[in-house]
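Encoded as structure tokens, the structure appears first; notes follow it.
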Amino acid sequence: MTAKQILASDTAHPEITIGGWVRTRRDSKQFSFLEINDGSCLANVQVIADSGIPGYDAVPQLTTGASVEITGKLVESPGKNQKWELHAASLKLLGTADDSYPLQKKGHGAEFLRTIPHLRSRTNLFGAVFRVRSKISFAVHQFFQERGFHHVHTPIITTSDCEGAGEMFRITAGEEEFFGAPAYLTVSGQLEGETLACGLGSIYTFGPTFRAENSHTTRHASEFWMVEPEVAFADLEADMTLAEDNVHYLIDYALEHCAEDLAFFNKFLDKSLIERLTKLSKTPFQRVTYTEAVDILLKSGKKFDYPVEWGTNLQSEHERFLTEEHFKTPVTVYNYPKKIKPFYMRQNDDCFDGSDRPTVAAMDLLVPGIGELIGGSQREERGEILDEALRAHDLDPEAYKGYTDLRRYGTVPHAGYGLGFERMLMFLTGVSNIRDVLPYPRTPA
RNA sequence: UCCGACAUAGCUCAGCGGUAGAGCGGGUGACUGUUAAUCACUAGGUCGUAGGUUCGAAUCCUACUGUCGGAGCCA
């Protein structure tokens with residue numbers, strides 16, 4: 001049985017077996033207490049091993065980190081801190097952990113634990129993080145599957161670029177151009193996702209993404225996971241609603257299915273985590289146009305390091321002000337200036353009526369503490385306008401033939417977004433560094 | 001890529017010109033239905049690397065390497 005099953009039991013048991021790793025041991029003359037963790041849940045199972053049981057002579061070797069298999073009976077515990085405890089009938093040492101074992105009973109810093117990624121999942125913090133990662137990964141699929149979306153697998157090795165998504169890693173086989181043309185690790189499944197949506201209707205991808213950006217921050221990794229839905233017959237409004245529902249769904253899922261691990265984060269990482277998530281789960285997010293956001297910033301009277309000016313990108317400090325100080329809740333900013341966005345975003349009417357502030361149907365969902373969680377847009381479905389936009393960005397329409405063909409044959413309005421999975425996990429757990437929500441984080445040197 | 005901080009025992013850190021310290025962890029022993037138990041004793045370090053200044057450098061200076069934080073870019 002797993003620790004999770006054992007601790008959830010509502011009756012005593014004459015005989016059960018658990019395998020796990022020793023977290024700590026306390027000896028008496030006649031018996032020993034062992035705290036066993038098997039990764040199934042945060043809590044340990046307390047084992048009482050009386051001297052004289054088969055295998056008891058191995059107890060001195062049951063130090064922190066050693067692995068054991070224990071059989072015994074489950075009884076109510078007279079102690080204060082646990083409902084059940086296991087009275088061992090026999091005990092088998094599987095593997096020792098000598099005094100070079102780097103994990104101690106007391107806490108370690110995140111920096112040190114990053115140097116031992118192969119062992120850090122044995123700590124409370126990382127065990128909790130990776131359990132939540134698993135649950136939320138499942139919840140992503142459930143959210144889209146419930147809504148009739150098809151999960152598609154877009155390529156990881158690709159020859160297409162997704163403009164605006166950042167630098168790419170080049171793939172070669174030694175010196176050889178293995179595929180006869182330059183190939184790269186994907187920076188986004190969006191372009192392929194669009195082609196699949198214009199056939200399957202509603203699709204999503206969920207997989208690894210690679211960016212060769214030399215970003216050295218707590219929010220960037222070279223290899224990260226992205227959730228990218230693409231919906232045919234959808235406009236920006238529908239896209240924003242889907243994105244907000246997506247985030248709400250994952251918050252609710254975490255609160256319901258990861259309660260024990262969230263309580264741990266709430267205690268040790270962020271004392272307001274559960275209160276904040278609970279409140280957010282019941283509150284609609286805010287929306288403002290880019291133009292309104294600029295007005296809010298200009299009227300805020302706040303001194304920013306970077307000037308606020310219509311037509312430039314919102315800086316981190318601007319985004320932080322909007323979501324953390326002004327709205328104090330997640331906020332979606334939409335309808336960005338055309339000139340700062342990539343070619344594929346749908347041009348709004350103000351691009352054609354002579355306005356000096358032309359915009360495209362783009363949106364970013366910003367959350368307190370993290371900033372951009374989601375970036376998306378309605379895509380340009382009008383062939384001539386798309387061709388013109390490609391040329392305006394100095395791109396060759398021929399190189400995007402598969403993409404422009406979608407507009408030539410049975411074009412439909414469609415929209416999608418990318419959700420940074422690790423950033424979502426940071427938001428849900430209170431973990432402040434992206435390196436600590438990835439099992440093997442890859443960041444630039 | 002730019003700006004800044006830091007690098008001392010297994011871990012967390014103190015020491016900031018006069019010959020290396022604490023807590024935790026480890027080891028040994030005692031004690032106890034205990035809860036990251038408690039008490040006593042004990043072993044651990046060319047102070048990131050390479051130069052320089054000085055009678056003397058963990059301490060001051062330079063370079064390099066690494067880590068962390070911030071910015072830009074984005075998810």
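Numbers restart at 1 for each chain; the letters A, B, ... are given by sequence-line order, proteins then strands. Just the heavy atoms: all of them, side chains too, but no hydrogens, waters or symmetry mates, feed the values below.
One can find a donor-acceptor pair under 3.5 Å joining the base of B:rC74 and the side-chain atoms of A:His220. A donor N or O paired with an acceptor N or O is found under 3.5 Å between the base of B:rA75 and the side-chain atoms of A:Arg211. For a distance-only test at 3.5 Å, the side chain of A:Arg435 fails to qualify as a donor-acceptor partner of the base of B:rC68. At a cut-off of 3.5 angstrom, the base of B:rG69 holds no donor-acceptor pair with the side chain of A:Glu111. Side chain A:Ser215 to base B:rC74: no donor-acceptor pair is found below 3.5 Å.
A salt bridge does not link A:Lys105 with A:Glu35: none of the charged nitrogens is closer than 4.0 Å to a carboxylate oxygen.
With centroids closer than 5.5 Å and planes inclined by less than 30 degrees as the test, A:Phe224 and the base of B:rA75 pass as a stacked pair.
Here the two rings, on A:Phe31 and A:Tyr56, have centers that are 6.0 Å apart or farther.
Atom-to-atom, CG of A:Leu250 to P of B:rA75 comes out at 18 Å; the value is rounded to the nearest Å. For A:Asn313 and B:rA71, the CG to P distance is 15 Å, given to the nearest whole Å. Atom CD in A:Gln315 sits roughly 8 Å away from atom C1' in B:rG72 (whole-Å rounding). For the pair A:His216 NE2 and B:rG4 P, the interatomic distance rounds to 16 Å; values are reported in whole Å.
Under the 30°/60° scheme for interplanar angles, the aromatic rings of A:Tyr253 and A:His257 are found to lie parallel.
With contacts defined as side-chain heavy-atom distances shorter than 4.5 Å, the pair A:His220/A:Ile434 does not qualify. When side chains are defined from C-beta on, A:Ile251 counts as touching A:Phe427, because their heavy atoms get closer than 4.5 Å.
Looking at heavy-atom distances under 4.0 Å, A:Leu34 makes no contact with the nucleic acid at all. A:Thr217 comes within contact range of at least one nucleobase, with a heavy-atom separation under 4.0 Å.
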What nitrogen or oxygen pairs link the protein and nucleotides 25-30 of chain B at under 3.5 Å?
{"unit_1": "B:rG26", "atom_1": "O2'", "unit_2": "A:Asp99", "atom_2": "OD2", "d": "3.3"}

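Comparing A:Glu422 and A:Pro444 by the nucleotide of RNA chain B whose heavy atom lies nearest to each, the residue mapping closer to the 5' end is A:Pro444.
Side chains of A:Glu244 and A:Tyr249: no donor on one and acceptor on the other come within 3.5 Å.
Just one residue in the list A:Asn335, A:Thr289, A:Asn348 forms a side chain to side chain donor-acceptor pair (under 3.5 Å) with A:Thr359, and that residue is A:Asn348. Of the candidates A:Val22, A:Asn44, A:Leu62, A:Val22 is the only one forming a side chain to side chain contact (heavy atoms under 4.5 Å, CB included) with A:Ile36.
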Structure string for RNA chain B in dot-bracket form, Watson-Crick and G-U at under 3.5 Å, | interchain: ((((((((.[[[[.)..(..]]]].(((((.......))))).....[[[[[..)....]]]]])))))))....

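Its glycosidic angle being more than 90° from 0, B:rG66 falls on the anti side.
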